[in-house]
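First the structure, in the form of structure tokens, and then the observations on it.
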Amino acid sequence: MLYFLEDVSLLMSLVSCLLLFISCKHFWRKGNLPPGPTPLPILGNYLQLSKGDIVTSLLKLREKYGEVFMVYLGSRPVVVVTGYKAVKEVLVDRGDDFLGRGTVPSLTFLFKDYGVASTSDMEIWRALRRFSVSTMKSFGMGKRSLEDRVEEEARCLVAKLKKTKESLVDPQQYFGKAACNVVFAIMFGNRHDYDDTELLYVIDLVHKTLFLISSRWGQLNEMFPQVMRFIPGRHQNIFVFMKELFHFVEKRVEMNKKTLDKNNPRDYVDAFLIKMETENINPTTEFHMTNLLCSTMQIFFAGVETTGTTLIYALLLFMKYPDITAKVHNEIEKVIGRNRCPKIQDRSQMPFTDAVIHEIQRFIDLIPMGLPRKTTEDITYRGYSIPKHTNVFPMLSSVLKDPVCFPYPNEFNPKNFLDENGEFKKNDAFIPLSAGKRICLGESLVRIELFIFLTTILQNFDLKPSVTPEHLDITPDVSGLGNIPKLFTMAFIPR
Ligand code: HEM
């Protein structure tokens, strides 16, 4: 039996080698592709990218091959685009040519081409995107604005943190839940108490999944998905956790279906179910159950961990740089005071705080490689011929840390967003949420959440680290799809 298996796997390896050789030859022979390191059969450019830190490895290759180059992640060719000018060309100036969604094997195995974040069918994407943006904006359906929801959640967060009575706590336990509750309410109509087991279960799954995808195992899975699928290892949990999350979404959608009142939609899922009914005479509609399940899970997945991690990283930076935090405290005191909740309109009168929040997002560089895109046609770009459906990485990190665009690219320094008079200074290279038509769908929500949560917390608390600021480690624990900070504890001291 063992011999048989060995024979089969040898045969399969030979066949894949041959196929890859043919496909590589075919691909390379087309010529006029961006330069890059020569790939090996099967391994692609694994040897150049094998340090468990794909972001740094890719940015290093730029030194040799220039702003636009090509690597093979296993057998998958990817055009890597770096620096403000080139990334802007791809996302904005030539945006329509690069509007497809590239492959993320850890996610694509489940979503295939379904859902607003995954589809590369431009007509379907446009319809789902338009629907999702307007539905999210209007929730709760004219009754409560996004801002109301975030303010309510910020009040709950403050009340919960007061109960910690200045003891050392893991902030993930509080801020991850607050961010999750906001998205929960938009997608499924209700928030949960912070001790609720369903909330804990979902946050834990989302966090573990993103951590694993960004880890060394996850990076191997991104390069060799066909092989890694069958090899035991920690990455196997990605598939388990993703399926569990999908079952959770299926269950919630089923609950909505049972209690749906067509005249009174409560959330995104209700709105989608109603749209499905009105469209059901159209046999080619994109509003069907698979797109509902995939879009809901994608928005949920994208919205929970990203904002939660940004808030946690913000706390770490506030503690690392107490002088900067003191200035934010002063501005809050001056503009908002202590007797009312912060409002998003306050931001325009708080240039320093605004600059700090921008700088937090720039500095932590949460999604360093962006989400991969795909060419929608055979195109010519910068003199290179790039075939239709080629994966493209717009390296957001290379823009957020571009020395041409920011005076202090590698320091945490709010002056990156302040002019000489201390006024807020906009910067077109500020693209942590990407740019162009396929920019992050949660853009407006993120802006509200970061301002309201962070100002409400600093209005109510002094932040106390468990070690001295010099000993706080602000480097990420893993850096792949996401930059995720190391775990830490801290205390919230009421002001
Ligand atoms: C600080 C928090 C966040 C960051 C840094 C972030 C970053 C990003 C980035 C870089 C993309 C890729 C865009 C592209 O293709 O070029 C993206 C897409 C997306 N984001 Fe966010 N995001 C955040 C929060 C959110 C929130 C709160 C939601 C929803 C509630 C959300 C939902 C999505 C969705 C659905 C997409 C896919 C859009 C599409 O393909 O059309 N994100 N995000």
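Counting starts at 1 for both ligands and their atoms, following the listed order. What you are looking at is a predicted structure, and each value in this text was computed from that prediction instead of being measured. The analysis underlying the following values was restricted to heavy atoms, covering all of them including side chains, and did not include hydrogens, waters or symmetry mates.
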Among all protein non-hydrogen atoms, which one is nearest to [atom], and what is the separation to 0.1 Å?
atom	value
atom 30 (C) of ligand 1	M136 CE, 3.6 Å
atom 32 (C) of ligand 1	A302 CB, 3.5 Å
atom 34 (C) of ligand 1	L441 CB, 3.7 Å
atom 26 (C) of ligand 1	G303 CA, 3.4 Å

Counting only heavy atoms, which portion of Q298 has something under 4.0 Å from ligand 1: side chain, backbone, both, or neither?
neither
With backbone taken as N, CA, C and O and side chain as the heavy atoms from C-beta onward, which portion of L366 lies under 4.0 Å from ligand 1: side chain, backbone, both, or neither?
side chain
For residues F430 and R362, report the shortest heavy-atom separation together with the two atoms involved.
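Heavy-atom minimum between the residues: CE1-N, 4.1 Å.
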Can you sort out which atoms of ligand 1 are near [X], meaning under 4.0 Å from one of its heavy atoms?
X	result
W125	39 (C), 40 (O), 41 (O)
R373	14 (C), 15 (O), 16 (O)
T307	2 (C), 27 (C)
R129	38 (C), 39 (C), 41 (O)
V116	39 (C), 40 (O), 41 (O)
T310	1 (C)
L371	12 (C)
A117	37 (C), 40 (O)

Using a plain distance cutoff, I'd like to know if R438 has any nitrogen or oxygen under 3.5 Å from a nitrogen or oxygen of ligand 1.
yes
Side-chain donor-acceptor contact under 3.5 Å, [X] with [Y]:
X	Y	answer
H288	N291	yes
T108	R101	no
D53	T56	yes
S106	E222	yes
Q172	D170	no
T309	E305	yes
T475	D473	yes

Determine, considering heavy atoms only, which of [options] sits nearest to [atom].
atom	options	answer
atom 5 (C) of ligand 1	T306, L433, N483, V392	L433
atom 22 (N) of ligand 1	G95, C440, G482	C440
atom 7 (C) of ligand 1	P432, S444, S434	P432
atom 10 (C) of ligand 1	V304, V90, L396, V133	L396

For a side chain to side chain contact (heavy atoms under 4.5 Å, CB included) with P414, tell me which candidate from D354, I324, T353 qualifies.
I324
Value rounded to 0.5 Å, distance of CE in M70 from CD1 in I386:
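It comes to 7.5 Å.
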Is the closest heavy atom of [X] to ligand 1 under 4.0 Å?
X	result
L450	no
F300	no
E443	no

Test: R447 and E443 ion pair at under 4.0 Å:
yes
Check whether the ring centres of F272 and F287 lie less than 6.0 Å apart, and answer yes or no.
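Yes.
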Do N256 and D267 have side chains that approach each other closer than 4.5 Å (heavy atoms only, starting at C-beta)?
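Touching, per the 4.5 Å side-chain cut-off.
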